[in-house]
Amino acid sequence: MLAPDDARTCIVFDFETTGLSPAQGDRSIEIGAVRLQGGVVVDRFQSLMHPGRRISSFIENYTGISNSMLADAEPCELVMQRFFDFAGDSNLVAHNATFDRRFLEAEYDRIGRQHTGGLACSMLAARRLCPNAPNHRLGTLVEYLALPNDGTFHRALADAEMTASLWLQLLDVLGERGPSNVSFAAMVGLCRTSKAALGKLVERLC
DNA sequence: TGCCAGGCCCTCTTTAGGGCCTT
């Protein structure tokens with residue numbers, strides 16, 4: 001079954017990890033996700049996962065996830081199988097998606113799975129649609145666009161919720177200047193379109 | 001002990017280099 005090509009119907013997800021590179025042995029320690037159906041959050045997924053070793057004090061401080069919190073967590077393989085069952089072949093969205101894609105692919109590889117849906121990046125979309133934002137970090141964009149948040153950052157579900165709000169806001173902004181029903185494929189294409197090629201349309205946004 | 005990634009974007013570019021962004 002193919003994923004619906006509606007940018008407002010997708011799964012927005014976020015990983016917390018032991019570091020920056022699965023190729024260097026880093027693993028996931030938490031995944032959070034929200035399922036959007038026509039722009040409405042209809043389901044959520046959140047789970048800590050044990051990476052098989054202790055995490056650094058830097059990551060403990062950065063995420064607020066401690067080694068004691070992970071002590072009783074399920075191993076990555078079990079959590080990622082549950083996430084695979086949750087996500088299926090849905091289109092996915094993440095902030096700086098190349099980072100989350102590397103961890104998703106690495107964790108899926110370990111359990112013999114593969115994501116077959118699309119993947120879009122809210123950061124690249126925001127760079128196109130909000131060129132005047134101070135920067136395009138998730139926290140900055142949440143503040144810049146006055147998006148709802150509870151002050152929690154660097155936890156997977158909280159970041160996924162904020163990324164979902166950002167994604168929908170970007171679609172609203174785009175819809176004000178064009179067709180109201182933006183396809184997921186169009187958003188993927190937007191991320192890949194050079195800034196210059198967007199012309200006056202995007203220059204007026206935000 | 002000290003360092004570690006990678007894709008995208010911009011520009012003083014394209015035969016390159018450096019900043020951004022993610023943990």
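Just so you know, these numbers come straight off a predicted model, no measurement behind them. Chain letters run A, B, ... following the sequence lines, proteins first, then strands; residues in each count from 1.
- For CD of A:E77, the number of neighbouring non-hydrogen atoms (other residues, nucleotides, ligands) closer than 6.0 Å is greater than 12.
- How far CD of A:E30 is from SG of A:C76: 11.5 Å, rounded to the nearest 0.5 Å.
- Going from the C1' atom of B:dG6 to that of B:dC12 covers 25 Å, rounded to whole Å.
- Note: CZ (A:F103) to P (B:dA5) measures 12 Å, nearest angstrom.
- In this pair, A:F99 and A:F103 present their aromatic rings tilted. The plane angle is within the 30 to 60° band.
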Below 3.5 Å is the cut-off: list the nitrogen or oxygen pairs between protein and nucleotides 19-23 of chain B, distance only.
unit_1: B:dC21; atom_1: OP1; unit_2: A:H136; atom_2: N; d: 2.5
unit_1: B:dC21; atom_1: O2; unit_2: A:N96; atom_2: ND2; d: 2.8
unit_1: B:dT22; atom_1: OP1; unit_2: A:L138; atom_2: N; d: 2.7
unit_1: B:dT22; atom_1: O4'; unit_2: A:N96; atom_2: ND2; d: 2.9
unit_1: B:dT23; atom_1: OP1; unit_2: A:D159; atom_2: OD2; d: 3.4
unit_1: B:dT23; atom_1: OP2; unit_2: A:Y62; atom_2: OH; d: 3.1
unit_1: B:dT23; atom_1: O3'; unit_2: A:E16; atom_2: OE1; d: 2.7
unit_1: B:dT23; atom_1: O3'; unit_2: A:T17; atom_2: N; d: 3.0

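- Rounded to a whole angstrom, the distance from the C1' atom of B:dT14 to that of B:dC8 is 16 Å.
- A:Q37 contributes atom CD, which lies 9.5 Å from atom SG of A:C10 (distance to the nearest 0.5 angstrom).
- Checking each of A:M162, A:M187, A:R8 against A:W167 for a side-chain contact (heavy atoms from CB on, under 4.5 Å) leaves exactly one that passes, namely A:M187.
- Helical stems involving DNA chain B, defined as 3 or more consecutive Watson-Crick or G-U pairs under 3.5 Å, span B:5-11 with B:16-22.
- Distance noted for atom P between B:dT1 and B:dG19: 29 Å (whole Å).
- Taking atom P on both B:dT11 and B:dC4, the two are 27 Å apart, rounded to the nearest angstrom.
- A:D26 contributes atom CG, which lies 11.5 Å from atom CD1 of A:I55 (distance to the nearest 0.5 angstrom).
- For the C1' atoms, the distance from B:dC21 to B:dG2 is 24 Å, rounded to whole Å.
- Ring geometry, A:F83 versus A:F45: the interplanar angle exceeds 60°, so the pair is classed perpendicular (tilted spans 30 to 60°).
- Look at the P atom in both B:dC3 and B:dT22: the space between them is 24 Å, to the nearest Å.
- Ring geometry for A:F84 versus A:Y108: interplanar angle over 60°, hence perpendicular rather than tilted (30 to 60°).
- The separation of B:dG18 from B:dT13, taken at their P atoms, amounts to 13 Å, rounded to a whole angstrom.
- Counting non-hydrogen atoms of other residues, nucleotides and ligands closer than 6.0 Å to CG of A:D72 gives a total of 12 or fewer.
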